[in-house]
Amino acid sequence: MVVGAQWGDEGKGKIVDLLAERFAWIARYQGGHNAGHTVVAGEQRFILQLIPCGILRPGCRAAIGNGVVVDPQALVDEIETLERAGVKVAGHLFVSWRAQVILPYHRMIELAAENAPGRVKIGTTTRGIGPAYEDKMGRRGLRIADLADADLLRAHIENAMAEKNAIAGALYGTAAVDAGKMFETYRELSRRILPYAADVSLLLNRAADAGEPILLEGAQGTLLDIDHGTYPFVTSSSTISGGACIGAGLAPTRIGGVLGVTKAYATRVGGGPFPSEENGASGDMLRERGREFGSVTGRPRRVGWLDLPLLRYAIQLNGIDSLLVTKLDVLDTLKEIPVCTGYRLDGKPAAEIPARAADWERLEPVYEVRPGWGTPTAGMRRLEDLPRAAREYLDFVAAQCGTEIGLISTGPERNESIIVPGSQLDRWWRGASSAA
Ligand code: IMP
């Protein structure tokens with residue numbers, strides 16, 4: 001399994017795309033088209049939001065698990081983009097019957113709520129993710145399976161619209177949306193999507209029984225987890241490894257290992273705590289060199305230094321066996337690299353990660369400044385080629401986290417990567433186990 005160890009955008013897309021070569025299945029288990037993986041394959045550059053990047057590998061099958069919230073329009077658009085680029089989607093993509101469907105009113109409610117006076121502005125991606133999960137947990141959601149029944153779909157949309165229009169009109173003064181038109185649109189979208197619908201949990205379990213390697217692909221990151229992240233500045237799903245079992249329908253005993261992806265520094269999109277945020281010239285440099293602009297929304301990302309207390313927290317929550325460090329090359333020009341090694345609260349060392357958003361503001365990060373290497377590492381493919389200071393930076397991170405570093409990424413291309421010889425990842429790489 002691959003999870004994000006920060007606030008998302010760690011570069012999971014590239015890592016999963018690289019590892020996909022060794023796997024028969026790649027499955028998403030949470031989130032929706034709020035995620036955005038940029039994958040560079042040769043001359044082509046894809047932004048995949050819903051479909052796992054395994055779809056780009058001919059021998060690999062891509063699955064969207066029950067824990068995902070699916071926007072049918074976004075899914076159809078993505079299928080068409082891939083098909084236009086010559087990627088074979090039919091027979092390679094499987095969408096769970098049990099996945100929840102995002103409807104236009106989810107976005108309508110979210111936009112209105114985000115901008116309502118007195119509400120905490122989360123800075124969401126406005127894709128309707130939160131309201132769709134609300135309806136799921138409220139047991140009034142629509143699932144992919146329901147799309148197969150036109151009468152049920154019509155009744156669902158009419159009932160939901162009566163309720164949502166009343167709420168949005170009364171609370172936010174939003175204009176009513178027409179249920180009839182929505183039904184027609186969704187009826188048409190259903191025709192496009194249903195050929196891909198399947199019992200994904202069953203397929204994955206059968207594949208695991210047959211010894212086929214499965215890679216579960218997390219979206220967003222640990223600190224955006226609904227329970228363990230920087231609440232309320234989080235997404236509405238369980239992004240951590242535990243969420244994968246529920247969202248894919250695979251038992252915990254099936255999980256072979258957990259890979260955690262972190263950048264060599266830190267970024268965050270949207271509001272919320274970010275103790276090691278860097279707003280000065282170094283921050284601008286990281287943003288420019290790292291091209292830190294959202295792949296879904298185009299928003300400039302907030303940038304900062306690697307935060308080891310939060311990385312250790314992510315390692316603990318996910319049970320990360322091996323850390324995969326991306327974008328090392330972005331640090332190439334720095335003379336000195338601050339790393340957050342702890343926090344102080346009211347003048348005393350703070351041991352715990354705060355539960356209340358307001359307490360984060362009072363934390364003062366403690367930095368250890370590591371020497372930079374000042375030479376290009378971009379595109380390097382062998383550990384021994386890295387400058388000494390770069391290797392020492394990575395050794396420092398691994399020692400502070402008590403976890404190995406299994407892979408270092410030095411550029412966006414698949415082959416701009418170093419798999420650390422002798423690491424657990426290296427061993428999996430050479431003989432992928434049945435579930436990871
Ligand atoms: P939502 O998931 O659209 O509800 O947004 C909730 C929070 O998660 C916002 O701060 C978003 O910026 C953030 N977020 C959601 N998806 C991603 C992602 O794929 N990468 C980075 N941040 C994300």
Side-chain angles (χ1 to χ4, degrees), residues 1-3 12-31 35 37 39 41-42 44 46 48 50-68 70 75 78-79 82-83 85-99 144 195-219 241 243-261 321-322 324 406-407 414-415 417 419 423-436:
M1 175 187 327
V2 171
V3 293
K12 295 180 294 294
K14 174 199 153 160
I15 300 288
V16 173
D17 177 55
L18 170 72
L19 299 180
E21 185 187 319
R22 292 285 194 280
F23 289 88
W25 288 85
I26 314 282
R28 279 272 308 268
Y29 59 85
Q30 46 70 230
H37 289 174
V39 182
Q44 288 178 301
F46 296 94
L48 297 176
L50 263 172
I51 302 181
C53 59
I55 200 76
L56 301 176
R57 299 269 188 188
C60 195
R61 272 154 294 173
I64 295 179
N66 56 279
V68 174
V70 177
L75 183 59
E78 210 161 300
I79 291 170
L82 286 166
E83 283 179 339
V87 177
K88 191 167 176 338
V89 181
H92 292 262
L93 174 67
F94 302 87
V95 183
S96 171
W97 289 117
R98 295 182 176 84
I144 295 286
Y196 301 98
D199 188 335
V200 165
S201 165
L202 182 67
L203 289 177
L204 293 178
N205 276 286
R206 278 195 187 143
D209 286 343
E212 293 178 21
I214 301 165
L215 184 63
L216 300 172
E217 174 184 2
S241 56
C245 296
I246 298 163
L250 274 174
T253 43
R254 292 276 201 195
I255 307 299
V258 183
L259 307 172
V261 187
D321 299 297
S322 197
L324 319 185
L407 182 143
R414 277 176 189 163
N415 55 10
S417 313
I419 295 184
S423 64
Q424 296 197 50
L425 178 68
D426 186 36
R427 289 197 291 280
W428 280 327
W429 180 245
R430 284 189 264 158
S433 56
S434 75

query: Can you check side chain to side chain contact (heavy atoms under 4.5 Å, CB included) on Val3 and Leu259, steps first, answer last?
result: CA-CA 6 Å; Val3 293; Leu259 307 172; over 6 Å; no
field: Shortest non-hydrogen contact from Leu203 toward Ala198
entry: CD1-CB, 3.8 Å
- request: Walk me through it: do Ile64 and Leu75 pass the test side chain to side chain contact (heavy atoms under 4.5 Å, CB included)?
  value: CA-CA 11 Å; Ile64 295 179; Leu75 183 59; 4.1 Å; yes
query: Any side-chain heavy-atom pair from Arg57 and Glu21 closer than 4.5 angstrom?
result: yes
task: Could you tell me which non-hydrogen atom of Val200 sits nearest to which non-hydrogen atom of Gly65, and how far apart they are?
output: CG1-CA, 4.1 Å
- line: One should read off an interatomic distance between Glu78 CD and Leu48 CG, to the nearest 0.5 angstrom, of 5.5 Å
field: Cys245 vs Ile255 side-chain heavy atoms within contact, under 4.5 Å
entry: yes
query: Does the cation-pi check pass for Arg22 over Trp429, that is, NZ or CZ under 6.0 Å from the six-membered ring centre and within 45° of its axis?
result: yes
message: Tell me if a side-chain donor or acceptor on Lys88 pairs with a main-chain N or O of Ala90 at a distance below 3.5 Å.
response: yes
- prompt: For the side chain of Asp321 and the backbone of Gly257, is there at least one donor-acceptor N/O pair under 3.5 Å apart?
  reply: no
query: Going by heavy atoms in the side chains, are Trp25 and Leu215 under 4.5 Å from each other?
result: no
- prompt: Taking all atoms of both residues into account, what is the closest heavy-atom pair of Gln30 and Ala219, and its distance?
  reply: OE1-N, 2.5 Å
Distance-minimising heavy-atom pair for Phe46 and Val87: CZ-CG2, 4.3 Å
query: Quick one: does Ile26's side chain get under 4.5 Å of Leu19's, heavy atoms only?
result: no
query: Under 3.5 Å, is there a donor-acceptor pair between the side chain of Glu83 and the main chain of Val89?
result: no
message: Quick check: do Ile144 and Arg98 have side-chain heavy atoms less than 4.5 Å from each other?
response: no
query: Which heavy-atom pair separates Arg28 from Pro52 by the least distance, and what is that distance?
result: CG-CG, 3.8 Å
- request: Any chance you could lay out the side chain to side chain contact (heavy atoms under 4.5 Å, CB included) test for Asn205 and Arg254, step after step, and finish with the verdict?
  value: CA-CA 9 Å; Asn205 276 286; Arg254 292 276 201 195; 3.3 Å; yes
Distance-minimising heavy-atom pair for Cys53 and Val16: SG-CG1, 3.5 Å
field: Close side-chain approach of Val2 and Leu216, heavy atoms under 4.5 Å
entry: no
query: Between atom CD of Glu217 and atom OH of Tyr29, what is the distance when rounded to the nearest 0.5 Å?
result: 9.0 Å
field: Distance (rounded to the nearest 0.5 Å) between His92 NE2 and Leu82 CG
entry: 12.0 Å
- request: Please answer whether the main-chain N or O of Ile246 pairs with a side-chain N or O of Asn66 as donor and acceptor at a distance below 3.5 Å.
  value: yes
task: Kindly determine whether Ile79 and Tyr196 satisfy side chain to side chain contact (heavy atoms under 4.5 Å, CB included), including the steps that lead there.
output: CA-CA 11 Å; Ile79 291 170; Tyr196 301 98; 3.6 Å; yes
- prompt: Do the side chains of Leu407 and Val261 get nearer than 4.5 Å, heavy atoms only?
  reply: no
